[in-house]
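Note sheet for the following structure.
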Amino acid sequence: MKKNEKFVITVNRELGSGGRTIARKLAEKLGVALYDKVLIKSLEEKYNLTTEEIEKLKGSNHPWWEDFKRVASIGGSWILEHSPYHNPEDVKSLFDQPTTDDFYKAETEILQGIAENESCVITGRSAFDVFRAHPNHLSIFIQASLPYRVNRVMRKQNVSRDTARKIIEKVDKMRENYVRKYTGTSRYDTRNYDLVVYADCLSEDEIVDIIMKYIK
């Protein structure tokens, strides 16, 4: 990956591995924006951004992504207030929502539009596939052992061990089904990634350093 050219880094991760925090810290170190696919879904629902609406923006006289950022207020306080995983109910409501084919198409358009207009870090279930053909794309997968993930979810969401395990099992199944449906591959197939990091024995900052060294 060339840092001096427009790039996109996709970070897929197991729930409880610390992948989203790692992605945030990586984006901060690189000086680019972080986009979360669950957040994109929330924005699409909030502003009713269908594929047709996105096509209208892309056909306007102004850069369509700039229009989208203006409408969606990306980078503003709304994102901070609506970031996922604040509590167990947030997780339950987000992952109980079925994904439609129309949303997948709209989501893909939004994500590709982001990458066309700026360098960025994107986290999400199938981002590795959306940008498979991107000329300057780095694909990363963050994994961790089940005990590590359970302990992290317990701590972050203030839930019991049993509840944490159930949340992880549910999200793992949902994400794998999603990836298989829309990409025809498994999210656990390491051939989908340039770099796979096992998080158990490393801090988030150490993992970011490993990624930065890999980029260099």
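These numbers come from the heavy atoms of this one structure, side chains and all, not from hydrogens, waters or symmetry mates. It should be emphasised that the depicted structure is a prediction, and the values quoted were computed from it without experimental measurement.
- Inter-residue side-chain proximity for Arg24 and Glu28 is flagged as met; some heavy-atom pair is nearer than 4.5 Å.
- Atoms OG1 and CD1, from Thr163 and Ile168 in turn, are 11.0 Å apart once rounded to the nearest 0.5 Å.
- When the salt bridge (Lys or Arg N to Asp or Glu O under 4.0 Å) test is applied to Arg165, no partner is found at least two apart in sequence or on another chain.
- Both Tyr178 and Tyr35 are assigned to one and the same hydrophobic cluster, defined by single-linkage of ILVMFWY side chains at heavy-atom distances under 4.5 Å.
- For Asp200, there are no salt bridge (Lys or Arg N to Asp or Glu O under 4.0 Å) partners two or more places apart in sequence or in a different chain.
- The heavy-atom pair separating Ser119 from Val32 by the smallest distance is O-CB, 3.5 Å.
- Between Thr123 atom OG1 and Leu26 atom CG the span is 11.5 Å, to the nearest 0.5 Å.
- Shown here for Leu34 and Ala27, the closest heavy-atom pair between the two residues is CB-CB, 3.9 Å.
- Closest of all the heavy-atom pairs between Cys120 and Ile114 is SG-CG2, 3.5 Å.
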Lys25 vs Asp205, side-chain contact (heavy atoms from CB on, under 4.5 Å): CA-CA, chis, key distance, verdict: CA-CA 8 Å; Lys25 291 188 174 188; Asp205 289 330; 3.1 Å; yes

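- For the salt bridge (Lys or Arg N to Asp or Glu O under 4.0 Å) condition, the pairs that include at least one residue of residues 128-154, sequence neighbours left out, are Glu14-Arg149, Asp129-Arg132, Arg149-Asp172, Arg152-Glu204.
- We find the CG-CD1 distance between Asn12 and Ile122 to be 10.5 Å, quoted to the nearest 0.5 Å.
- With sequence neighbours left out, Asp189 forms a side chain to side chain donor-acceptor pair (under 3.5 Å) with Arg191.
- Taking both residues in full, the closest heavy atoms of Ala164 and Val150 are given as CB-O, 3.8 Å, listed atom of the first, atom of the second, then distance.
- In this structure, the side chains of Tyr188 and Gln143 come closer than 4.5 Å at one or more pairs of heavy atoms.
- Side chain of Tyr193 to backbone of Arg187: a donor-acceptor contact under 3.5 angstrom is found.
- Scored by the salt bridge (Lys or Arg N to Asp or Glu O under 4.0 Å) test, Lys166 finds Asp162 as partners (sequence neighbours excluded).
- Connection of Ile142 to Leu202 is established within a shared hydrophobic cluster, with ILVMFWY side chains joined at heavy-atom distances below 4.5 Å, either directly or through further cluster members.
- With rounding to the nearest 0.5 angstrom, the CZ atom of Arg175 is 5.5 Å from the CG atom of Leu15.
- If you chain together hydrophobic residues whose side chains sit under 4.5 Å apart, Val171 and Val159 fall into the same group.
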Atom pairs and distances, side-chain donor-acceptor, residues 133-141, under 3.5 Å, sequence neighbours left out:
| from | atom 1 | to | atom 2 | distance (Å) |
| --- | --- | --- | --- | --- |
| His134 | ND1 | Asn136 | N | 2.9 |
| Asn136 | OD1 | Lys2 | N | 2.8 |
| Asn136 | ND2 | Lys2 | O | 2.8 |
| Asn136 | ND2 | Lys6 | O | 3.1 |
| His137 | ND1 | Phe131 | O | 2.8 |
| His137 | NE2 | Thr10 | OG1 | 2.7 |
| Ser139 | OG | Asn192 | O | 3.1 |

Donor-acceptor contacts, no H, no angles, side chain residues 207-216, under 3.5 Å, sequence neighbours left out:
| from | atom 1 | to | atom 2 | distance (Å) |
| --- | --- | --- | --- | --- |
| Asp209 | OD1 | Lys29 | NZ | 3.3 |
| Tyr214 | OH | Asp194 | O | 3.4 |

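- Atom OH of residue Tyr198 and atom OG of residue Ser17 lie 11.0 Å apart, to the nearest 0.5 angstrom.
- Evaluation of the salt bridge (Lys or Arg N to Asp or Glu O under 4.0 Å) rule for Arg180 yields Glu176 as partners, not counting sequence neighbours.
- Of all the heavy atoms in Val179 and Ser186, the pair that sits closest is CG1-C, 4.1 Å.
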